[in-house]
Amino acid sequence: MANDSILRVEHVSKLYGPNKSEAMQLLSQGMHKDEVKQKTGVTTALWDVTCDVKRGEILAIIGLSGSGKSTLVRCLNLLHRPTTGEIWFEDSNIGELGKKELLDYRRRKISMVFQNFGLMNHRSVMGNVAFGLEIRGVPTIEREKKAMEMIEMVGLKGWESQPVTSLSGGMRQRVGLARALTNDPEILLMDEAFSALDPLVRSNMQFELMRIQSQLNKTIVFITHDMDEAFKLGDRVAIMQDGRLIQIDTPEQMSAHPANEYVRQFIGSADRAKVMRAQNIMVTPDCVVHLSEGPQHAIQEMRRAGVSSAFVLGPKMTLAGLLTVDGAIAGIREKATIADKMLTGLPTTTPDALVSDILPLAAETRFPISVIDSNGTFVGLVTKASVLSCFVDSPDSVEKNGEAS
Ligand SMILES: Nc1ncnc2c1ncn2[C@@H]1O[C@H](COP(=O)(O)OP(=O)(O)O)[C@@H](O)[C@H]1O
Ligand SMILES: [Mg+2]
């Protein structure tokens, strides 16, 4: 890994709301963003972040939900414009790029892989992967050749003419990755790209990403809220808290010399379950249907998401139950409704429940735990694997957990 910086982030802040100057004054005095919000109504997504990304490294950005990770990566390609501060790509201040130069930067230098894949369902695998080159006007033969290389690279050879709707979640994520790689960008931005995948598929994808990175030597900025994933993938790890960058270091250095108590707790194994709450580890369900819809629709939705069950929501986003694909098929056969066929009495918890307190429930249930807020709204899911992973020692156990053999 070369040691020069490909990106430099200099004193970047991102605030939302009127009256930013007063908020900035308070923030620079060290006031916490919650208090700033109360006093001024301004939301602080990022405050005074300075760091660099080195050419050829995987930089993992980690932090609890709402700590500013997505805002930071979206500043790197100017999907968000910083309120103050500068971002440099090599020798260019990207804030000063013209419209055309910015487009070029996004198409050629920096590509984003999203958590929800962002694929075009009416297109085949090839049609999705070659899309970036298509809009650049690259001739068909040439773009399909390049796309095919990347389809092979991510292990999807043989699937190129299939519709993306026929693929499982893990395979769709591979398509998303191949599509980003086909642009041959220097930098890949991955925002919780693997967070929605089930643990085994995720572990496989982590391994694949490391393999691809070592072959193609890309610079990767990888966001995660999972410390194991950060330590496994990251050459360096940046830890965010409440919009501030607390520490950026190699996993070894970070473990040996945590910058403060927060970092120590975050990486400390057993302690982690006592700082993490359900809202910090919850994920969005892959497949949701509404009580008023029919079983046929539910099956279509499950097929689209590549899963075998769907969460059923009632009025105002309340959780009604869980419908399995078998239940849905029986429903069609018997001309029954989703309500007749869904499972009810699912395990639930609240957003602020400590992970350590959810453990007993996670250990005994065979369903993901639904997170329900104080208004009765269904806000997400906590899986057994994500609860258990909070209890895994890291980073020493990372090698043992990896399937990368
Ligand atoms: N468009 C927006 N308007 C107001 N606040 C926002 C906006 N986007 C993000 N935020 C706030 O900024 C903070 C950081 O969000 P985000 O970068 O998405 O965090 P993370 O990715 O770490 O979960 C959160 O408090 C979020 O509510
Ligand atoms: Mg985010």
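All ligand and atom numbering here is 1-based and tracks the order in the structure.
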For Lys69 and Ile223, indicate whether the former's side chain and the latter's backbone hold a donor-acceptor pair under 3.5 Å.
-> no

Only one of Asp52, Leu59, Ile187 passes side chain to side chain contact (heavy atoms under 4.5 Å, CB included) with Leu7; say which it is.
-> Ile187

Less than 4.0 Å from some atom of ligand 1, heavy atoms are found in residues Tyr16, Lys33, Thr43, Ala45, Leu64, Ser65, Gly66, Ser67, Gly68, Lys69, Ser70, Thr71

Nearest heavy atoms of Arg107 and Arg136, plus distance in Å = O-NH2, 3.2 Å

Tell me which donor-acceptor pairs under 3.5 Å the side chains of residues 341-353 have, and how far apart each pair is, sequence neighbours excluded?
unit_1 : atom_1 : unit_2 : atom_2 : d
Lys341 : NZ     : Glu334 : OE1    : 2.7
Thr350 : OG1    : Asp352 : OD1    : 3.1

Under-2.8 Å protein N/O/S neighbours of the Mg ion (ligand 2), ordered by chain then residue number = Ser70 OG

Side-chain donor-acceptor pairs of residues 299-311 under 3.5 Å, sequence neighbours excluded:
unit_1 : atom_1 : unit_2 : atom_2 : d
Glu301 : OE1    : Arg304 : NH2    : 2.8

Arg172 to Leu119 - nearest heavy-atom pair and separation | O-CD1, 3.7 Å

Any donor-acceptor N/O pair, Ser65 side chain to Asn280 backbone, under 3.5 Å | no

Take Glu186 and Arg55, measure what salt bridge (Lys or Arg N to Asp or Glu O under 4.0 Å) needs, and give me the verdict at the end.
-> CA-CA 9 Å; Glu186 290 174 47; Arg55 195 180 300 279; 3.7 Å; yes

Salt bridge between Lys218 and Asp184, side-chain N to carboxylate O under 4.0 Å?
-> yes

